[in-house]
Structures are given as C-alpha cells and as structure tokens.
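As a basis for the values below, the full set of heavy atoms in this structure was taken, side chains included, without hydrogen atoms, waters or symmetry mates. The sequence lines fix the lettering, A, B, ..., with proteins before strands; numbering per chain opens at 1.
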There are 2 protein chains.
Amino acid sequence: MRAVAVHRGEETPRVVEVPKPKPGPGEVLVETHRVGVDGTDHEVIAGNHGGFPAGDDYQILGHEAVGTVVDPNGTGFEVGDVVVPTVRRPPEGTNEYFERGEPDMAPDGRYLERGIVGAHGYMAEYFTSPAEFLVPIPESLASHGFLVEPTSNAEKALDHAFSARSAFDWRPESALVLGNGPLGLLTLALVADSFDRLYCLGRRDRPDPTIDVIEGLGATYVDSRETPVPDVPAVHEPADLVVEATGHAKHAFETVRALAPNGVGALLGVPEDWTFEVDGGRVHRELVMENKALVGSVNSHVPHFEAAIDSVAAFPDWFVDDLVTTVVPAEEPAAAFATDDGTIKTAVEFAPL
Amino acid sequence: MRAVAVHRGEETPRVVEVPKPKPGPGEVLVETHRVGVDGTDHEVIAGNHGGFPAGDDYQILGHEAVGTVVDPNGTGFEVGDVVVPTVRRPPEGTNEYFERGEPDMAPDGRYLERGIVGAHGYMAEYFTSPAEFLVPIPESLASHGFLVEPTSNAEKALDHAFSARSAFDWRPESALVLGNGPLGLLTLALVADSFDRLYCLGRRDRPDPTIDVIEGLGATYVDSRETPVPDVPAVHEPADLVVEATGHAKHAFETVRALAPNGVGALLGVPEDWTFEVDGGRVHRELVMENKALVGSVNSHVPHFEAAIDSVAAFPDWFVDDLVTTVVPAEEPAAAFATDDGTIKTAVEFAPL
C-alpha cells in the first residue's frame with residue numbers, strides 16, 4: 001500500500017510502498033480517509049522531534065487521522081464505523097499510565113507516538129490500532145475528522161488550565177491565544193463561546209486568511225510586531241486565560257505579564273533550548289502576588305477526544321471551510337508540507353468518502 | 001495602649017503609645033496574646049512592601065496574631081473566645097472578592113492588609129476586627145495560635161497546587177521545600193504525612209536548629225551550596241511537588257527543573273525585580289512535554305485558616321517547641337526582629353494566657 005514517509009537523511013517526505021498491515025488480536029484495520037499535517041510533522045521531518053521506529057530508516061508520518069473500519073477483527077466495532085485514532089501507544093505491553101487511561105501523562109520513555117516518536121504514523125492507505133485507541137465519530141464529521149486530534153490537545157490544555165483555577169471562584173472573561181496557526185485557531189474556536197472578549201496574536205499583514213478567521217470568531221487580531229505580548233494589557237486588556245501555541249520560548253514568560261490577576265497560562269509549544277534574559281524577579285513576583293498559574297500540556301486522552309468530537313461538531317461550517325485550506329491527494333503529498341501565507345490547515349487524502 | 005510600630009524614615013521598630021481601639025458595629029475587641037514575626041514584617045520594616053495607613057507616618061506591625069475576645073460587642077463571639085484574625089480587609093465598604101469570601105484572590109488595590117498594606121497590624125495590646133474576619137481556635141492552641149496565619153498561607157498554596165493536578169490521577173510521592181525559614185518548615189510539616197519522601201533545601205552549616213527540625217520531620221536536608229536546585233533530581237530525585245519559600249527569583253525557574261513529570265511547583269516568595277539569564281527554551285519545553293505546572297499563591301481565606309487550625313493542632317509538640325525559638329515581651333520587642341542562626345520563629349507577647 002501507499003504511505004507517506006520521511007527517510008533518514010532526507011528533508012522531504014515521499015510516497016513509499018509498504019506492506020498493508022494485518023490487525024493482530026484486539027486490533028482493528030482502518031482504511032484511512034484523511035490525515036492532517038501540523039507543526040509536529042514539520043519537526044519530525046526536520047529531525048527535531050521523536051525518533052524513527054526501531055529498526056527502520058524511515059517513518060510513516062501523520063498523527064491526525066480519520067478513517068473507516070474495514071476489519072473490526074472481532075472487536076466491538078463494525079465495518080463502516082468512522083474512527084479517529086489516539087496517538088500514544090505503550091512501548092511494550094502496557095504501563096500504569098495506559099492502564100489508567102492517561103497515556104498523555106506518561107513521561108518520556110513510557111510511550112511511543114504514532115507518526116512522531118518511535119512508531120509509524122497514519123499517513124498510509126490503511127492502519128491498524130488496538131480498538132481501545134480508536135474513538136468513534138459521527139459519519140457527518142468524517143471529512144474533517146482529522147481536526148479531532150489537534151482539537152483534543154487544546155481540550156486537554158483547557159481542562160488542565162481550568163482545573164488549575166478550580167480552588168476558587170474564577171470568573172474569566174477574556175482570553176488571549178498566542179499563535180494563529182491551526183492549533184491557535186482551533187483553540188480560539190473552542191473558547192469563543194465561553195469568553196466575553198477574545199484576542200489572537202499573530203505576525204502577518206492583512207489581507208490574511210488567518211486574520212479573517214480570527215475576526216470571524218469575534219476575536220481581536222493582535223499583531224505582535226506592533227503589540228508585543230507584554231504590551232497587550234496596556235493596549236487591550238490583561239487576559240484571564242492565555243494559551244501559548246507558538247513554541248516561542250519568550251512567550252512562556254511574557255504570558256505571565258499578559259495575564260490578569262488570578263489568570264492561568266496554558267503552554268502548548270515545544271521550543272528548543274534557548275537562553276535569554278528574563279526579569280525573573282518580576283515574573284516570579286507577579287505569579288505570587290497575583291495568584292497566577294502556568295500549566296504545560298502535551299497530548300490528550302480519550303475523554304479529550306470525546307470532548308473534541310462534540311466541539312468539532314459544533315464548529316460553524318464557515319470556520320471549518322476556511323480553516324482547511326488544502327486537501328492534497330496521497331499520490332502528490334508535497335503540497336501538504338509546503339507552507340505559505342495562504343495555507344492554514346492541510347490534509348492528505350487517501351480513500352475518498 | 002502599647003503597640004510596636006515602624007516609623008517613616010526609621011529602620012527599627014519601637015514601642016509607641018496609641019489609643020486603645022473601640023469596636024465599631026459588627027466589630028469585636030480582642031486582647032492580643034502573641035503576634036508572630038515573619039519575612040514580610042522585615043520587608044515592611046525595610047519599606048519594601050505595602051504602605052503606611054493613610055494619614056499616618058507609622059505602621060503598627062504584625063499580621064500573625066492570636067488573642068482573646070474581651071468585648072464581643074453583640075457579635076456571636078463570647079468573652080474569652082480565643083481567636084485568630086485574617087489579614088486582608090476591604091479598602092472601603094466591600095467588594096466582590098470579600099463578598100465571595102475570597103479576599104486572598106483580590107488584586108492589588110482591592111484590599112488592605114493589617115500590618116502590611118495600608119492598615120495597622122495586630123502588634124498591640126488590643127485590636128478590633130469585624131467578626132467575620134476572626135476565626136475561633138481551641139484554647140489549647142492559644143500559645144502557638146500565631147502559627148495559624150502562616151500555616152494558612154501554606155494550606156492555600158497546597159490547595160491551589162493540588163487543584164492544578166486534579167485533571168488527572170496524580171499520585172505524588174516526593175516533595176521538596178525550598179527554604180528552611182518558618183514558612184518552609186511549616187509547609188514541610190504540613191506535607192510530612194502525605195508524601196513518602198521529603199526534602200528541604202537550605203544554606204546552613206550543621207549544627208543548625210532548622211536542620212534538626214527538617215530531619216525530625218523525616219526529611220532530607222539539601223544544602224543548596226552543595227546541591228543547587230537543578231541538581232536535586234540527579235543527586236536525590238525529581239520531586240512531584242516543589243514549594244518555593246525562599247523569595248529567590250531563580251528558584252521559580254529552577255523549580256521546573258527540579259520537578260518530576262506531571263509535578264507542580266507552588267511559588268510563595270516575593271522577590272524584587274531581577275533580570276538574569278534563563279534557558280527559557282528548556283523551561284518552556286519541560287513544562288509542556290512533562291505536563292508540569294507552576295502556581296503562585298499569596299495570602300489565604302477563612303477555609304484555609306480552618307484547615308490550618310486542624311494542621312497546627314496535629315503538629316507534634318516537639319515540632320512546635322523547636323520551631324518557636326523566641327518569645328519576646330512587648331516591652332522589649334527588638335529581639336523579635338533580630339535574626340541569627342539560632343532563631344527560627346519568633347513572637348512578641350502582650351497579655352500572657
């Protein structure tokens with residue numbers, strides 16, 4: 001079958017022929033419909049993230065998939081069920097994090113990630129998965145079901161951020177999302193109904209499709225070249241919730257400055273090492289004197305996928321249409337990995353619906 | 001009546017004569033037994049913190065008090081009730097934070113603090129307080145009831161830290177307290193029964209009374225001159241919980257390094273501005289990839305006082321005896337503000353029990 005993989009020493013993913021997988025006991029065979037592309041894929045391609053599957057000199061990409069069950073293999077699924085797979089798998093057998101249903105909380109070394117860390121991804125005509133790692137979704141969501149996985153990551157970040165404010169009567173009104181990439185925009189859409197005032201930070205000139213989406217969601221676009229993060233409180237207002245989805249390390253610290261008292265910052269980006277000067281005294285003091293919190297969040301577990309399914313189902317049609325700018329046939333995947341200012345979210349399509 | 005106050009332009013607190021306060025409607029008159037001294041008092045004395053009461057060129061010190069009701073003034077209290085006052089008061093009338101019972105979450109400008117910010121403290125023969133800001137304690141705790149307020153601050157920090165881990169099945173085993181001052185040692189005593197392994201960081205040579213207390217609580221003393229915070233994971237182990245009680249701004253960032261995956265750092269110190277280099281990329285990445293959190297916490301509210309009363313009552317006698325090294329008569333308060341390595345917690349005594 002056809003798959004899209006990155007090879008050791010190569011900088012561009014390409015189509016390869018690999019054997020069609022056979023489901024083992026408890027595993028389901030899924031025919032892939034679409035697989036989304038995100039920043040993590042670009043890190044995998046650049047070799048910055050994860051690691052190749054043991055013994056292979058290539059890695060099949062893709063961790064944001066949607067497909068259709070073609071062989072339930074004795075599990076509770078039925079042929080034709082539309083499913084989204086979770087990403088993490090135990091390195092061998094299982095471990096306590098997987099047994100608790102919280103693989104997203106497993107530390108380094110206690111998980112593989114399909115398409116990212118030590119395991120092949122979903123960017124192939126078929127994939128197999130243990131049934132427990134497949135989440136059924138309504139057929140009506142099949143075309144953009146690949147948005148469920150990234151949305152689930154935002155759901156988890158919000159879950160952890162809100163939990164971090166559960167010790168008191170938190171009444172947030174304003175949210176600021178740092179980053180106008182797909183994850184930032186999905187997060188903005190998630191919080192659009194529950195905050196009175198929304199802001200989203202980017203660094204692009206108008207006209208720009210992400211700015212259109214931001215404003216379509218009722219948010220104010222903040223151009224970081226004019227209004228750096230620490231200036232947001234003075235120019236606009238301090239934010240009760242800040243979600244960092246840029247991977248820019250200075251933003252983790254500037255988030256504290258942008259937060260309103262009692263606010264929480266959810267961090268989602270994964271920067272490289274980078275040493276720089278910080279007014280650490282001020283950051284520390286503001287965290288304490290203003291009861292602020294920072295919560296890092298990676299990956300997600302099944303309940304976050306289930307929440308994400310509801311959220312994706314509730315996204316306005318225009319939002320999904322405008323967000324998914326590019327669907328590329330699996331035969332010619334290169335365009336899915338190109339980035340330009342006209343592109344927001346791209347997916348690779350295998351079997352049509 | 002006699003009070004201990006710091007005067008504008010002076011560096012040493014001294015005894016002053018001030019009028020005995022008269023309780024207004026809803027207020028109780030309390031005869032002060034003892035008032036604890038902590039780092040915040042030293043900041044108030046040094047002029048680093050808070051502000052003098054409007055119109056006065058002196059501030060009566062003290063926010064960690066215990067006393068006895070002498071005039072209930074028609075409230076629900078009775079003569080002889082032993083009480084501990086909370087610290088924050090509304091600047092005028094009330095506001096939503098006080099109405100919710102969460103003055104500890106009020107931002108700057110929405111509160112005064114007795115003995116710290118814009119209001120006289122409790123270091124006087126008598127004080128008045130609205131009944132709602134007095135917490136009754138058992139008579140058996142009267143002698144060390146001044147430990148309730150600082151303990152309540154640790155209770156709040158732990159409340160917020162645990163809440164920040166409530167979105168998943170957190171199973172902490174190890175705790176590291178940064179700082180062997182009174183707040184650090186009180187925090188260590190609070191968590192002693194609920195963590196399998198305890199560490200407390202200081203920078204003192206043996207023999208030292210704080211090291212004796214640390215080891216008496218079953219904790220390992222970590223000398224920061226030999227084992228800086230970022231080295232704790234390698235030398236000992238990463239900690240599921242880190243509580244920073246040093247006010248050293250670098251510790252806020254080093255806390256992230258010292259945390260185990262899924263751990264939380266509670267920050268309690270209040271440093272001045274201080275710019276320094278941080279490997280911000282690493283801090284940011286570790287927060288995200290290891291699901292770590294940082295929670296700043298200041299002050300506390302009545303339920304934290306109530307929790308603290310139970311905790312103080314459960315402290316072993318030896319711990320209280322060893323912690324409270326110094327009780328100074330109100331006539332000669334200077335010794336209460338002296339610091340030397342033989343001193344841990346000091347209090348000023350007004351009326352004996």
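B:Asn153 and B:Glu149 share a side-chain donor-acceptor pair at under 3.5 Å.
In this structure, the portion of A:Arg100 lying under 4.5 Å from any heavy atom of chain B is its side chain and not its backbone. Contact annotation for A:Phe162: neither backbone nor side-chain heavy atoms come within less than 4.5 Å of a heavy atom of chain B. Contacts of B:Phe168 with chain A are made by both backbone and side-chain atoms, with heavy-atom separations under 4.5 Å. Only the backbone of A:Leu268 has a heavy atom closer than 4.5 Å to any heavy atom of chain B. Neither the backbone nor the side chain of A:Glu286 has a heavy atom closer than 4.5 Å to any heavy atom of chain B. For chain B, no part of A:Val264 is nearby; none of its heavy atoms comes within less than 4.5 Å. Heavy atoms closer than 4.5 Å to chain B are found in the side chain of A:Pro261, but not in its backbone.
Note on A:Asp169, A:Val288, A:Val283, A:Asn262: by heavy-atom pairs under 4.5 Å with chain B, the leading option is A:Val288. Between chain B and the residues A:Pro107, A:Ala157, A:Gly280, the largest count of heavy-atom pairs under 4.5 Å involves A:Gly280. Chain A forms more heavy-atom pairs under 4.5 Å with one residue of B:Met105, B:Lys250, B:Glu96 than with any other, namely B:Met105. The most heavy-atom pairs under 4.5 Å with chain B, out of A:Asp159, A:Val298, A:Asp279, come from A:Asp279. Comparing B:Asp108, B:Asn299, B:Val295, B:Val256 by how many heavy-atom pairs each has under 4.5 Å with chain A, the most go to B:Val295. Top candidate by heavy-atom pairs under 4.5 Å with chain B, chosen from A:Ser163, A:Ala293, A:Ala164, is A:Ser163. Contacts with chain B were tallied for A:Leu287, A:Leu294, A:Asp273; A:Asp273 has the most, counting heavy-atom pairs under 4.5 Å.
Classification of A:Asp104 and A:Lys156 as a salt-bridged pair holds, one side-chain N sitting under 4.0 Å from a carboxylate O. Looking at A:Arg197 and A:Glu173, a side-chain N of the basic residue comes within less than 4.0 Å of a carboxylate O on the acidic one, giving a salt bridge. Using a cut-off of 4.0 Å between Lys/Arg side-chain N and Asp/Glu carboxylate O, B:Arg165 and B:Asp240 are scored as not salt-bridged.
Note: A:Phe253 and A:Phe276 have perpendicular aromatic rings, judged against thresholds of 30 and 60 degrees for the angle between ring planes.
The CG atom of B:Leu178 sits 8.0 Å away from the SG atom of B:Cys200 when rounded to the nearest 0.5 Å. Atoms NE2 and CG, from B:His251 and B:Leu267 in turn, are 11.5 Å apart once rounded to the nearest 0.5 Å.
In this structure, the ring pair (Phe, Tyr, Trp, His ring centres under 6.0 Å) partners of B:His301, at least two apart in sequence or on a different chain, are B:His304.
Because its NZ or CZ atom is not both nearer than 6.0 Å to the ring centre of B:Tyr97 and within 45° of the ring axis, B:Arg110 does not count as a cation-pi partner of that residue.
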